[in-house]
Structure formats: C-alpha cells, structure tokens
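Here is the structure we will look at, set down as structure tokens.
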Amino acid sequence: MKRKIFVGIIIISVFIGTAFGGGYKSRWYMPKLNSAYMQIHDALIGEDIYVGASLGFGSFLKIEPNIYTYQFYPQWHTYGGVLQLKYRPMKKFAGNWIIWAGGMSDNIDLTQVDSIGAGLNATTYSRFMPTFGFGGEVDSVPFFCRGCGYYFTGRFLLGDFIPIYREFDNLNSASPETLSTVIIGDIEVQSPFGSVSALRHLRMRHWFGDDYWRFAYSSPYCCGGILRGTVGWESNYLGFADIEVKIKPFQVGYIIVSTGVKIPTDASLWMWKTGIEFRPSSSKSVSHTGKIPDVEILAPKVRSPYE
C-alpha cells in the first residue's frame, strides 16, 4: 500500500507540474516537462513498476529520472532509480551525449520463513548495487528523402565498467557479486508505414535477462490517429504484443494508455504489461524536424538503462 501511495504522489506531482509549467517557453533554469510515464509489469513470479519523466532545460539539456521497484511477495523487495543527463551540443542536429548514475537496493525478509537454507538466519538481508555509464544518441533524424516521413533514432550506452564488489550485509559469501560491464545498442526507423526497432542488451556476466536481443514492429496510428499495435520477439520469449490508445482529454497534452503480453519459453515467466504516459502538446514541436507527421508522436521518449 505504501508503495502505491508513493507512486501516486509522483504521478500527481508530475501532472501538477505540467498544468502549471506547460504554458511557458523553457529557459535553461526552468524545467519544461517533455513526458511522464508509469508502467506495471505483472508476472507469475513478481511485479515490476517503472515511473519516469523527461524534463527539458532550454534547448541543450534534458534530465530524465526513473524510479523502479520489484516485489516478490512477501520476501523480496527491490527499489532503485536512475538519473540520466542528456546534453545536446548542436542546436540544429538532434544528437545527445548521455551520462547516467543510480542504483538498486535489494531487501530480503526471512523473518517469516519457516524453512531457511544453510548459512542463513531468520533476519533481513540487504545490499545496494550502483549503476553508472555514458553514451550517445540521435533522436528522430530525417533521412531517405526530404519531407517523406522517414526518421532514424539510435543510441549506444556503455556502463558499469569499473568492478565494484557487493554482497548482502550479515552474509559471509565466498563469492560476492560484482558489477559487470553492460553494453546497450538501440535503433529505430520510423516511416509512414510504421516503425521497426532493434535492441541489443549485453552484460559480460551473461546471466538470464542480462544478454538478449529484441526486435519489434509498430503499426502507424489508425482509427482517427488513436490506435496503434506492436508485435515483436525477444530472447527467451516466443514473442510479445502491445496495444496503445492515444487520448487527448484536455488541451495541455496527450495521454497514451497501453497494454500487452509477453509469451515466454518458460511458462513461469508469463508477463502482462499495462502503462500510462503523458506528453504535453508543446512537446510535439521538435526544432530539427519542422513539423510532425500524424503517423508517429515524435516527442522525446524516456528510456531506462535498465532495459
């Protein structure tokens, strides 16, 4: 319950900030909301919640906080967050340098567990795992032909490259966990016929969920520009499918409601996803594209290094 109240406070605060901050021209010292979102991933073995936003400071700096929590009731609780800074060195070219830093805190409560493994006690164990890195991206750069609606988005991130050993407190481990270098490459091509994307996530330790590919296709918005579908494939999954509904209930911006499912190769990893995203109307104006086609919403997208 406390977690849900906390998430609700964040969402309400973002919407209030939008209502009072969406109508002025952004200055370097006054943030302008580009987007805000919340996603819930429900699986048979736990639940993930992501909350994030993108704030612009003038034309050259974006700050994108992301809060994450994972719950495997009642023993395992994970809380984390990442702060990304994006600096755009050239006004006429949509390229950004990226720096991120953050971490995750794991808490395991064994006080109510009847059968405890060897070497463990009926207590609470915790640890903190930092994350950090840098990279670059280009965002919705027009290509192929002038004015025909083709855009390229890509990014490359490198992080956690300095080994830092971490282990649970009060636990004498012969092999504590260490950070492992992560490499993320992500590209997307948008066109009047929809968009295709590919994501490569690689950690050098090669644990489950650390080393995967993802490919996806998203259709253009249809039915009056309000509905879009996505299908794709990801490592360790047979496939996934999402549906997005774009709503404009008031003048200050759009609300995007999404739902989807991921079909795993292991039945215990079934996952359902629901989410809501808000994008102010002013975020439709992107200086490097001139005008925005109806086929896509090219507002800045919040992307987490945890992907």
Less than 4.5 Å apart, side chain to side chain, heavy atoms only: is that true for [X] and [Y]?
{"X": "F240", "Y": "M271", "value": "no"}
{"X": "Y151", "Y": "S191", "value": "no"}
{"X": "Q84", "Y": "N66", "value": "no"}
{"X": "D169", "Y": "Y125", "value": "yes"}
{"X": "F134", "Y": "W97", "value": "no"}
{"X": "M104", "Y": "T131", "value": "no"}
{"X": "I263", "Y": "W270", "value": "yes"}
{"X": "F93", "Y": "V141", "value": "yes"}

What are the two closest heavy atoms between [X] and [Y], and how far apart are they?
{"X": "Q190", "Y": "S140", "answer": "OE1-OG, 3.9 Å"}
{"X": "S218", "Y": "T230", "answer": "OG-OG1, 2.7 Å"}
{"X": "R127", "Y": "E167", "answer": "CB-O, 3.8 Å"}
{"X": "P192", "Y": "P220", "answer": "O-CG, 3.4 Å"}
{"X": "C223", "Y": "I226", "answer": "O-CG1, 3.2 Å"}
{"X": "N34", "Y": "G56", "answer": "ND2-N, 3.6 Å"}

If you group Ile, Leu, Val, Met, Phe, Trp and Tyr by side-chain heavy-atom gaps below 4.5 Å, do [X] and [Y] land in one group?
{"X": "I183", "Y": "W207", "answer": "no"}
{"X": "W100", "Y": "Y87", "answer": "no"}
{"X": "F143", "Y": "V138", "answer": "yes"}
{"X": "Y70", "Y": "F128", "answer": "no"}

- More than 12 heavy atoms of other residues, nucleotides or ligands under 6.0 Å from CD1 of I99: is that the case? no
Nearest 0.5 Å, please: how far is [atom2] in [Y] from [atom1] in [X]?
{"X": "N107", "Y": "Y79", "atom1": "CG", "atom2": "OH", "result": "7.0 Å"}
{"X": "T178", "Y": "I164", "atom1": "OG1", "atom2": "CD1", "result": "7.5 Å"}
{"X": "L179", "Y": "M204", "atom1": "CG", "atom2": "CE", "result": "13.5 Å"}
{"X": "I40", "Y": "I49", "atom1": "CD1", "atom2": "CD1", "result": "5.0 Å"}
{"X": "Y37", "Y": "S54", "atom1": "OH", "atom2": "OG", "result": "10.5 Å"}
{"X": "I108", "Y": "T78", "atom1": "CD1", "atom2": "OG1", "result": "8.0 Å"}

- Message: Donor-acceptor check, side chain of S219 to backbone of G229, threshold 3.5 angstrom: yes or no?
- Response: yes
- Task: Could you point out which residue of H206, R205, R203 forms a side-chain hydrogen bond (donor to acceptor under 3.5 Å, both in side chains) with D211?
- Result: H206
- side chain to side chain contact (heavy atoms under 4.5 Å, CB included) with I247: which residues, sequence neighbours excluded? V245, P249, V257
- Who pairs with N96 by side chain to side chain contact (heavy atoms under 4.5 Å, CB included), at least two apart in sequence or on another chain? K62, K86, R88, E137
- Task: Take K273 and Q39, measure what side-chain contact (heavy atoms from CB on, under 4.5 Å) needs, and give me the verdict at the end.
- Result: CA-CA 7 Å; K273 180 180 73 174; Q39 280 192 358; 3.8 Å; yes
- Note on the structure: Residues at least two apart in sequence or cross-chain that pass disulfide (SG to SG under 2.5 Å) with C222, listed by chain then number, are none
- Message: Could you go through F278 and I276, starting from their C-alpha distance and side-chain angles, then the distance that decides it, and tell me whether this counts as side-chain contact (heavy atoms from CB on, under 4.5 Å)?
- Response: CA-CA 7 Å; F278 174 73; I276 184 170; over 6 Å; no
- Using the test salt bridge (charged side-chain N to carboxylate O under 4.0 Å, His left out), find all partners of E244 that sit at least two apart in sequence or belong to another chain. R228
- Item | Remaining members of hydrophobic cluster (4.5 Å side-chain criterion), F215 | W213, W233
- Message: Does the plane of the ring in F161 sit parallel, tilted or perpendicular to the ring in F132? Use 30° and 60° as the thresholds.
- Response: perpendicular
- Query: Hey, what's the ring geometry for Y68 with Y50, parallel, tilted or perpendicular (30° and 60° as the breaks)?
  - Reply: tilted
- Item | With sequence neighbours excluded, residues passing side chain to side chain donor-acceptor pair (under 3.5 Å) with R166 | none
- Item | Verdict with supporting geometry, W272 and T274, side chain to side chain donor-acceptor pair (under 3.5 Å) | CA-CA 7 Å; W272 295 266; T274 56; over 6 Å; no
